[in-house]
Visitor: 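Sharing a structure below in structure tokens format, with a few things to ask.
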Amino acid sequence: MRESVELIIRGIHLIAAIVWFGGVIFFTFVVMPVLQRNLLPQNLLAVHNRFRVLVRLMIHVLLTTGAMVFFIVAWNNGFFAGNSSNDFKAYMLTFVTKLAAFGVMALFWGLYSSLYRRHLEVTPPNGDAQSNQSLYINIWKNLMLVAGLIVFALTLLLKS
């Protein structure tokens with residue numbers, strides 16, 4: 001029973017990570033460039049706001065299931081009983097680093113999303129949403145993607 005619960009929690013965590021990071025990449029590189037050429041800024045804002053709701057939900061699911069996975073790994077390695085090994089301490093250090101990188105990634109997503117939303121709100125109704133988009137908006141998007149790759153690399157490190 002305990003193993004099946006652990007697998008379900010890890011599965012939900014993995015699905016949420018795929019939906020969040022994969023969705024952000026797909027939304028950033030495919031959906032928004034296509035929509036920017038074909039939709040008015042008000043419609044882009046509506047699409048962006050719908051996607052933000054999904055991203056916020058996935059962030060909460062990731063944090064909740066990640067904490068559960070952390071507890072499960074600590075429990076399975078005897079951390080609460082006081083007999084943890086050096087391997088487990090290295091795992092915990094990597095886990096905390098991954099959590100910090102995830103926080104940075106979420107921060108960069110929030111900055112990009114807020115700045116891009118503000119950009120769409122102030123764009124004239126018949127204006128081109130892509131023409132006057134500043135570099136300072138896109139830098140947060142790129143930093144978020146780099147932080148996401150770091151989180152992915154740390155996840156692979158934790159699995160080995």
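Since the model is a prediction, treat every value here as computed from it, not as a measurement.
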Visitor: Can you confirm whether more than 12 heavy atoms, excluding those of Phe27, are under 6.0 Å from its CZ atom?
Guide: yes
Visitor: If we only count heavy atoms from C-beta on, is the Phe21 to Met105 side-chain gap below 4.5 Å?
Guide: yes
Visitor: Do Val151 and Val96 share a hydrophobic cluster (ILVMFWY, side-chain heavy atoms under 4.5 Å, transitive)?
Guide: no
Visitor: Can you tell me how far apart CD1 (Ile139) and CZ (Phe108) are? Round to the nearest 0.5 Å.
Guide: 9.5 Å
Visitor: Using the side chain to side chain contact (heavy atoms under 4.5 Å, CB included) rule, take Phe102 and Leu154 through it: C-alpha gap first, then chi angles, then the decisive distance, then the call.
Guide: CA-CA 10 Å; Phe102 178 83; Leu154 289 169; over 6 Å; no
Visitor: Name all pairs fulfilling the side chain to side chain donor-acceptor pair (under 3.5 Å) condition that reach into residues 10-34, sequence neighbours left out, sorted by first residue then second.
Guide: Glu6-Arg10, His13-Thr65
Visitor: Quick one: pull up CD1 in Ile72 and CD1 in Ile9 and give me the separation to the nearest 0.5 Å.
Guide: 4.0 Å
Visitor: Who else is in Leu7's hydrophobic cluster (ILVMFWY, side-chain heavy atoms under 4.5 Å, direct or via others)?
Guide: none
Visitor: Indicate the atoms forming the closest heavy-atom contact of Trp140 with Leu115, along with that distance.
Guide: CD1-CD1, 3.4 Å
Visitor: Among residues at least two apart in sequence or on other chains, which ones pass salt bridge (Lys or Arg N to Asp or Glu O under 4.0 Å) with Arg56?
Guide: none
Visitor: Would you name the heavy atoms of Ala17 and Leu62 that are closest together and state the gap between them?
Guide: N-CD2, 3.5 Å
Visitor: Kindly give the cluster partners of Ile18, where membership spreads through any ILVMFWY side chain lying under 4.5 Å from a current member.
Guide: Leu14
Visitor: Does Phe95 form a ring-ring contact (aromatic ring centres under 6.0 Å, His included) with Phe70? I'd like the steps, not just the answer.
Guide: CA-CA 8 Å; Phe95 188 89; Phe70 178 79; 4.8 Å; yes
Visitor: Parallel, tilted or perpendicular for Tyr116 and Tyr112, by the 30°/60° rule?
Guide: parallel
Visitor: With heavy-atom distances below 4.5 Å as the criterion, would you say the side chains of Leu99 and Leu63 are in contact?
Guide: yes
Visitor: Under the side chain to side chain contact (heavy atoms under 4.5 Å, CB included) criterion, do Leu44 and Met32 qualify, and how do the steps go?
Guide: CA-CA 8 Å; Leu44 278 173; Met32 288 312 284; 3.6 Å; yes
Visitor: Is there any side chain to side chain donor-acceptor pair (under 3.5 Å) pair reaching into residues 46-55, and which pairs are they, with sequence neighbours excluded?
Guide: His48-Ser113, Asn49-Arg117, Arg52-Ser113
Visitor: What pairs meet the side chain to side chain donor-acceptor pair (under 3.5 Å) rule with one or both residues in residues 96-108, with sequence neighbours excluded?
Guide: Lys98-Thr155
Visitor: How far does CG of Leu54 sit from CD1 of Ile59, to the nearest 0.5 angstrom?
Guide: 10.0 Å
Visitor: Does Val30 share a hydrophobic cluster with Val47, counting links as ILVMFWY side-chain heavy atoms below 4.5 Å and allowing steps through other members?
Guide: yes
Visitor: State, to 0.1 Å, how close Ala101 and Ala147 come at their nearest heavy-atom pair, and which atoms those are.
Guide: O-CB, 4.3 Å
